K.L.:
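The structure is given below, and queries will be raised subsequently.
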Amino acid sequence: MPATAEITAFVAPQSVQVDYGPELARCAAALRKAFGASFTIWDAQSGELLHASVQQPGANDLFRGQLVRAIHGTEPQFIADEDCVLLLAVPLDGPQGRTIVATASFIVRPVTPSEHLNGAATLLGLDQARAMAWVVRQSVWSPDALLRLATAVQAQINAETRAADLQREVDKLSDNLASTYEEICLLHGVTQNLRINSDEEQLCSLVLRWLIDCLPAEAVAIQLLPVAKEGQITYKARTKSVLYTTGRCPIDNDGFTRLIETLNLEAGCGPLVANRGVTGAADWPLPEVHELIVVPMAEGNRVLGWLSIFNHTTGGEFGTVEASLVNSIGAILGIHSSNRDLYRQQAEFLASVVRALTSAIDAKDPYTCGHSDRVARIGVRLAKELGCEAKMLHTIYMAGLLHDIGKIGIDDAVLRKPGKLTPAEFDHIKQHPELGYRILADIRQLADVLPAVLHHHEQWDGKGYPFKLAADQIPLIARILAVADAYDAMSSDRPYRPGMPLEKVEELFRLGAAQQWDAEVVNAYFSARADVLQISEEERANLTLDVQQWT
């Protein structure tokens, strides 16, 4: 998976070592089986001795390594010819694309006891007597037969080497596919849980659990930074940094903050990888952190948090694979956090608009100040009794605050008249639902409250206004607010009459159930009666518009 930013790595460079062990054992065994003699094996490029024969004299003579380096071509060939002894060299394909050369000495003609084997003795690294003793014990080979057999064995060994290389590639590809599959599943799981209104703590817990299952880390941590100042928010928002962790996390929230400050990290810095070469230094701020990857959760130049993994489970080092995955998750979470906060800011703006409109209603009719707020809270309590979900409760609260917004367009003399209204004045008052609808109709975010604003004076029997809807034709939200509105209107003092006693209000509810009001909503009132009474007697509650904080 490609990283989305350059990786800052604090890892000491190391030379790549080739592991010849299994390959050398396989090659040596194949040569010994074919020739009945053991071979010495060299690195073709450096002349380094890789595997020495214990049966052949002079096998580990480093001069042979120099001869190996001078070989031309890839065919089996003789690289030394002394008396009756030929030194056979067989170039072979080694691991990781390296070439190795197997060498062994062979006797190519019979000898007599009287011969002087000066050259052969030198090649074998023996004195004359010992050289003769070794030579007479060996089988005699034809040079052509040696080359033909060497060519056949070379083809066999190279084919087996290529097969082994292919198997390693298959195994590596399989491991990479498995790792990539896990990463894709992780990224898919994260994206499927990105909801603007989802619980942030729950999302962080899911991501932490998935990451610690997927990566070789002892701990994973997410630090979310503040997005607002204390006392300046209506909707739930972070005003302090918070740290979520899983596994054996070596630092707390304050320690994490100090770590970020010490490393001088900022938006756009990309993933930082620190292994023991850095974490073991004297100026490293947290000795308990041995390996570390940390990435910003950012949107543009704004950092909303940090995602980090700590301490390799096997004491190894974190590398680009882990850094790329953590960086991808950090980028996703950063964009999501930014979207959540943008959504909150828009909600804050809408809340300010609602508060301004509610204040305008109160200013228009000071005698009913607080009516909208009480209707909103009573409506929420009735909706909860009816089993409405959280989103519906939020809409009902907003609708309760704004249900009488159309009274802004009603004549003050009519609205504040202390006596009974004339038919013409009552017809004028009855315009406020449609006026309210027109006032709010162009605010897209308030579309869900419009049915309540327009229909809260409809009646179950179809005798209400403005459209004489009946029964289930009336939206549920309007039926709920109709009962809440009626309760507060009847029980509160008005310019033209004092508030009714509770007994009278409830008698009217019983008589009007299934006629003026929805009987189920009236039953909900009686079930929640104690809470409704408490709401009506409380001072105006300064509730936020974030339903998560008060439901």
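All figures in this text were calculated on a predicted structure; none of them were measured in a lab.
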K.L.:
Under 6.0 Å between ring centres: does that hold for H456 and H432?
P.N.:
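Here the rings of H432 and H456 have centres that are less than 6.0 Å from each other.
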K.L.:
Does some side-chain heavy atom of I260 sit less than 4.5 Å from a side-chain heavy atom of W306?
P.N.:
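Of all side-chain heavy-atom pairs linking I260 with W306, at least one is under 4.5 Å.
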K.L.:
Verify, without hydrogens or angle tests, whether N523 (side chain) and A519 (backbone) share a donor-acceptor contact under 3.5 angstrom.
P.N.:
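Yes; judged by distance alone, with no hydrogens or angles, the pair exists.
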K.L.:
Are H455 and H403 near enough that their ring centres are under 6.0 Å apart?
P.N.:
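For H455 and H403, the ring centres are not under 6.0 Å apart.
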K.L.:
Above 12 or not: heavy atoms from other molecules or residues under 6.0 Å from NZ of K463?
P.N.:
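No, because the 6.0 Å sphere around NZ of K463 holds 12 heavy atoms or fewer from other groups.
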K.L.:
Could R209 and D213 be called an ion pair, given the rule that one side-chain N must be under 4.0 Å from one carboxylate O?
P.N.:
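No, no charged N to carboxylate O under 4.0 Å.
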K.L.:
If I compare all heavy atoms of P250 with all of N311, which pair ends up nearest, and what's the gap?
P.N.:
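Reported closest heavy-atom pair: CG-ND2, 4.2 Å.
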K.L.:
Quick one: OG on S527 to NZ on K384, what's the gap to the nearest 0.5 Å?
P.N.:
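So the OG of S527 and the NZ of K384 are separated by 14.0 Å.
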K.L.:
Does any N or O in the side chain of W284 come within less than 3.5 Å of the main-chain N or O of V289, such that one atom is a donor and the other an acceptor?
P.N.:
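Side chain of W284 to backbone of V289, a donor-acceptor pair under 3.5 Å: yes, one is there.
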K.L.:
Is atom CG of D412 surrounded by more than 12 heavy atoms (other residues, nucleotides or ligands) closer than 6.0 Å?
P.N.:
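Atom CG in D412 is crowded, with more than 12 foreign heavy atoms closer than 6.0 Å.
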K.L.:
Using modelled atom types only, decide if a donor and an acceptor are shared between the side chain of E425 and the backbone of T422 within a distance under 3.5 Å.
P.N.:
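A pair under 3.5 Å: yes.
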K.L.:
If the plane angle is over 60° it's perpendicular, under 30° parallel, otherwise tilted; pick one for Y465 and F426.
P.N.:
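Y465 and F426: perpendicular rings.
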K.L.:
Less than 4.5 Å apart, side chain to side chain, heavy atoms only: is that true for E218 and I309?
P.N.:
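Counting from C-beta outward, E218 and I309 never come under 4.5 Å.
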K.L.:
I need the minimum non-hydrogen distance between P475 and P451, along with the two atoms involved.
P.N.:
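Answer, listing the atom of P475 first, then P451: CG-CB, 3.8 Å.
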K.L.:
Could you please spell out the steps behind the side-chain contact (heavy atoms from CB on, under 4.5 Å) verdict for E506 and L502?
P.N.:
CA-CA 6 Å; E506 294 184 344; L502 180 62; 3.6 Å; yes
K.L.:
Does the pair Y487 and R374 meet the rule for a side-chain contact (heavy atoms from CB on, under 4.5 Å), with working shown?
P.N.:
CA-CA 10 Å; Y487 172 84; R374 291 192 298 273; over 6 Å; no
K.L.:
First locate atom CZ of R258, then atom CG of L263, and finally report the distance between them rounded to the nearest 0.5 Å.
P.N.:
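So the CZ of R258 and the CG of L263 are separated by 12.5 Å.
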K.L.:
Quick one, R377 and Y397 - any side-chain contact, counting heavy atoms below 4.5 Å?
P.N.:
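Yes, at least one pair of side-chain atoms sits under 4.5 Å.
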K.L.:
Can V220 and S308 be said to form a side-chain contact (heavy atoms from CB on, under 4.5 Å), step by step?
P.N.:
CA-CA 6 Å; V220 186; S308 182; over 6 Å; no
K.L.:
Over all heavy atoms of both residues, which pair between A484 and I378 is shortest? Give the atoms and the distance, please.
P.N.:
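Nearest heavy atoms, A484 then I378: CB-CG2, 3.7 Å.
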K.L.:
Fit a plane to each ring of F509 and Y525, take the angle between them on a 0 to 90° scale, and name the class: parallel (under 30°), tilted (30 to 60°) or perpendicular (over 60°).
P.N.:
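It falls in the tilted class, 30° to 60°.
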K.L.:
Got a second to check how far E537's CD is from S491's OG, nearest 0.5 Å?
P.N.:
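Those atoms lie 9.5 Å apart.
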K.L.:
For the pair D404 (side chain) and K407 (backbone), establish whether a donor and an acceptor sit closer than 3.5 Å, ignoring hydrogens and angles.
P.N.:
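No, D404 side chain to K407 backbone: no donor-acceptor pair under 3.5 Å.
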K.L.:
Quick one about D485 and H371 (side-chain donor to acceptor, distance below 3.5 Å, no hydrogens or angles considered), yes or no?
P.N.:
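Yes.
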K.L.:
Of all the heavy-atom pairs spanning I535 and R381, show the shortest one and how long it is.
P.N.:
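I535 and R381 have their closest heavy atoms at CD1-CB, 4.1 Å.
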K.L.:
Search all heavy atoms of C204 against all heavy atoms of L224 and return the closest pair with its distance.
P.N.:
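Smallest heavy-atom distance, with atoms named: SG-CD1, 4.0 Å.
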K.L.:
When rounded to the nearest 0.5 angstrom, what distance separates CG in L259 from CD in Q223?
P.N.:
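It is 9.5 Å, given to the nearest 0.5 Å.
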K.L.:
Do the side chains of V326 and L215 get nearer than 4.5 Å, heavy atoms only?
P.N.:
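Yes, side chains in contact.
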K.L.:
Return the minimal non-hydrogen interatomic distance between A221 and T245, and the atom names on each side.
P.N.:
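Looks like CB-CG2, 3.8 Å.
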K.L.:
Is L203 close to L333 at the side-chain level, that is, under 4.5 Å between some pair of heavy atoms?
P.N.:
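The answer is yes, as the side chains (C-beta and beyond) meet within the 4.5 Å cut-off.
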K.L.:
Applying the side-chain contact (heavy atoms from CB on, under 4.5 Å) test to L382, which of V522, D531, I480 qualifies?
P.N.:
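Answer to the side-chain contact (heavy atoms from CB on, under 4.5 Å) test with L382 among V522, D531, I480: I480.
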K.L.:
For residues L208 and I222, determine if any side-chain heavy atom of one lies less than 4.5 Å from a side-chain heavy atom of the other.
P.N.:
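Touching, per the 4.5 Å side-chain cut-off.
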K.L.:
Under 4.0 Å between a side-chain nitrogen and a carboxylate oxygen: does that hold for K468 and E458?
P.N.:
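Salt bridge: no.
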K.L.:
Answer yes or no: is there a side-chain heavy-atom contact under 4.5 Å between Q346 and L350?
P.N.:
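Q346 vs L350: side chains apart.
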K.L.:
Using a 3.5 Å distance criterion without hydrogens, assess whether the side chain of E322 forms a donor-acceptor pair with backbone atoms of G319.
P.N.:
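Yes; at least one donor-acceptor contact below 3.5 Å.
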K.L.:
In Å and rounded to the nearest 0.5 Å, what is the OG to CG distance from S241 to N253?
P.N.:
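CG of N253 is found 4.0 Å from OG of S241.
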K.L.:
With a cut-off of 6.0 Å (strictly less than), are more than 12 heavy atoms of other residues, nucleotides or ligands near CZ of F349?
P.N.:
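No, the 6.0 Å shell around CZ holds no more than 12 heavy atoms from other groups.
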K.L.:
Determine whether L421 and H428 satisfy the following criterion, side-chain contact (heavy atoms from CB on, under 4.5 Å), listing intermediate values before the conclusion.
P.N.:
CA-CA 10 Å; L421 299 178; H428 180 54; over 6 Å; no
K.L.:
Answer yes or no: does atom CD of E520 have more than 12 heavy-atom neighbours from other residues, nucleotides or ligands under 6.0 Å?
P.N.:
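Atom CD in E520 is not crowded, with 12 or fewer foreign heavy atoms closer than 6.0 Å.
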K.L.:
Rounded to the nearest 0.5 Å, what's the gap from NZ on K391 to CD1 on I396? Could you check?
P.N.:
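Reported value, rounded in 0.5 Å steps: 13.0 Å.
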K.L.:
Between the main-chain N or O of S536 and the side-chain N or O of D488, is there a donor-acceptor pair closer than 3.5 Å?
P.N.:
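Answer holds: no.
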K.L.:
Going by heavy atoms in the side chains, are Q473 and F467 under 4.5 Å from each other?
P.N.:
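No, every pair of side-chain atoms sits at 4.5 Å or beyond.
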K.L.:
Go through the steps for Q345 and D341 under the test side chain to side chain donor-acceptor pair (under 3.5 Å), then give the verdict.
P.N.:
CA-CA 6 Å; Q345 292 178 32; D341 194 54; 2.8 Å; yes
K.L.:
Any donor-acceptor pair under 3.5 Å linking the side chain of S338 with the backbone of G334?
P.N.:
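It does not hold such a pair.
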